[in-house]
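This report concerns only the one structure given below.
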Amino acid sequence: VFGWNRATDALRSPGSTIKPLAVVSPGIDKGIITAATVFDDISYSSGPYQGFKNYGYAYKGLITVRYAIAASQNIPMLKGITRIGVQTSMDFLRSVGISTLREENANINLTLGALDVSPLEMAAAYAAIANDGVYIEPTFYTKVIDSEGKEVLVKKQERRTVMSSAAAYVVKEVLTEVVRSGAGGYTAIPGISVAAKTGTSQNDEDRWYCGFTPYYTAATWFGFDKKETVVYAAGNPAGRIWDGVMETIHQGLSGAKFSDTMPNGVTTRQVCKSSGLLVTDFCSNDPRGNQVYTEYFVKGTEPTTACTCHV
């Protein structure tokens, strides 16, 4: 008996780390949403989003998918899973190795982490994005050799394409925003691209940090075996562990950017943060500050019309 292994056996709510897997990846891969799709991030007192809230009751109004992920806003992702369809989300999660899904998980709560999953399966799912849309079954060995050097067991790893390389690249770029302007800034590695997502479950009982570089993918969970609130003064403890490990294993490695391997199926456009559409001269003169930024798109899904918020 090997005992309890939290990496493989602990099934816990992934919180917001599921959002890139439940909404962003399948939505972009199927062309239903883009990184610049805008949702109205507001509170609701009735309708399908009644009772849902953002962390800290903070609402940002019109916001693109990129910045909704960076700020970990719940309402835009609930609207996102409604648009792409819960079944589309379920199908994608199963394709990236999430084995714990049940029919009772088939509702919009899924995008907020209303399921239980192991750190190993979260790492493998994020690795599918890092591997340009190819899921590779995780394994702890490649083969077993007897005392005479003969192979007695060879592990056959399953590999399957779960999304296009172009869609995977766009998701990578979206997740870099968490490190660039979101809560993951402390996990930046000089000269190396980092894509990541934070996660917190109900009552702060589980803290997560899942992410990858061009070299490695890692998923970190922090919590108690018997659920209780995690009280931690210095930010996300799972993120601190992730950062400590990743910083160490990247020492001495050459600089590497996701853009070094950007597929031909990806294009960029300058868009407005408020509308997700092509910029006008007015978008840079918004009283809130310049709303112009460069976004990545799967070719054929880029916007073709000008901003309707700044006219």
Side-chain angles (χ1 to χ4, degrees), residues 5-10 12-21 24-25 66 69-72 96-98 113 117-141 157 165 168-201 204 206-223 230 232-262 296:
N5 185 327
R6 293 177 183 86
T8 58
D9 302 330
R12 305 299 286 259
S13 165
S16 291
T17 58
I18 205 69
K19 291 173 180 174
L21 304 172
V24 182
S25 292
R66 168 184 288 271
I69 284 292
S72 204
V96 293
I98 305 301
V117 63
S118 72
L120 178 65
E121 289 194 352
M122 288 300 290
Y126 269 72
I129 304 171
N131 291 327
D132 302 322
V134 177
Y135 171 81
I136 303 174
E137 179 190 10
T139 183
F140 298 100
Y141 70 95
Q157 271 184 292
S165 61
Y169 184 84
V170 173
V171 178
K172 289 181 190 180
E173 289 291 350
V174 168
L175 294 178
T176 63
E177 199 63 45
V178 174
V179 180
R180 183 180 300 108
S181 68
Y186 59 91
T187 63
I189 301 174
I192 295 176
S193 292
V194 178
K197 185 69 191 78
T198 58
T200 306
S201 70
D204 292 339
D206 305 281
R207 303 300 299 270
W208 289 80
Y209 201 86
C210 301
F212 52 85
T213 71
Y215 291 105
Y216 297 107
T217 300
T220 308
W221 168 81
F222 186 100
V230 174
Y232 194 82
N236 183 347
R240 296 295 177 183
I241 296 169
W242 192 97
D243 179 54
V245 172
M246 293 293 263
E247 183 178 347
T248 299
I249 64 178
H250 283 80
Q251 288 179 2
L253 297 179
S254 300
K257 297 291 185 179
F258 295 139
S259 57
D260 296 340
T261 57
M262 186 173 78
Y296 294 81

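- Nearest heavy-atom pair across Trp242 and Ala218 is NE1-O, 3.0 Å.
- Checking side-chain atoms of Ser201 against main-chain N and O of Gly15 turns up no donor-acceptor pair under 3.5 Å.
- Here the side chains of Glu173 and Ser193 are not in contact, with every heavy-atom distance at 4.5 Å or above.
- Side chain of Thr248 to main chain of Gly244: a donor-acceptor pair is present (N/O by atom type, distance under 3.5 Å, no hydrogens or angles).
- Put simply, the side chain of Ser16 does not reach to within 4.5 Å of the side chain of Trp208, judged on heavy atoms.
- For residues 175-188, the set of pairs meeting the salt bridge (charged side-chain N to carboxylate O under 4.0 Å, His left out) definition, not counting sequence neighbours, comprises Arg66-Glu177, Glu177-Arg180.
- Applying the side-chain contact (heavy atoms from CB on, under 4.5 Å) criterion to Ala238, with sequence neighbours excluded, gives Arg207, Tyr209, Thr220, Phe222, Asn236.
- Residue pairs meeting the salt bridge (charged side-chain N to carboxylate O under 4.0 Å, His left out) criterion with at least one member in residues 232-244: none, sequence neighbours excluded.
- For Lys19 (side chain) and Ile69 (main-chain N/O), no donor-acceptor pair under 3.5 Å exists by modelled atom type.
- No side-chain heavy atom of Ile189 sits under 4.5 Å from any side-chain heavy atom of Tyr215.
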Report all side-chain donor-acceptor pairs from residues 254-262 shorter than 3.5 Å, counting only partners two or more places apart or in another chain.
residue : atom : partner : partner atom : Å
Asp260  : OD2  : Lys257  : N            : 2.9
Thr261  : OG1  : Phe258  : O            : 3.4

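- Looking at Tyr296 and Thr176, their side chains never come closer than 4.5 Å, going by heavy atoms from C-beta outward.
- Closest of all the heavy-atom pairs between Ala183 and Thr198 is CB-CG2, 4.3 Å.
- Nearest approach of Ala219 to Cys210, heavy atoms of both residues: CB-SG, 3.8 Å.
- Of all heavy-atom pairs between Pro214 and Ile192, the closest is CD-CG2, 3.8 Å.
- With contacts defined as side-chain heavy-atom distances shorter than 4.5 Å, the pair Ile18/Lys197 does not qualify.
- Formation of a donor-acceptor pair under 3.5 Å by the Thr217 side chain with backbone atoms of Ala123 is not found in this model.
- Every residue meeting the salt bridge (charged side-chain N to carboxylate O under 4.0 Å, His left out) condition with Glu137, not counting sequence neighbours, appears here in chain and number order: Lys155.
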Considering only distance and modelled atom types, tabulate donor-acceptor pairs under 3.5 Å from the side chains of residues 124-136, sequence neighbours left out.
residue : atom : partner : partner atom : Å
Tyr126  : OH   : Thr17   : O            : 2.6
Asn131  : ND2  : Ala127  : O            : 3.1
Asp132  : OD1  : Lys172  : NZ           : 2.8

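- Ala70 and Val178 make their closest contact through CA-CG2, 4.0 Å (heavy atoms, listed as atom of the first residue, atom of the second, distance).
- Considering CZ of Arg12 and CZ of Arg6, their distance stands at 10.0 Å, rounded to 0.5 Å.
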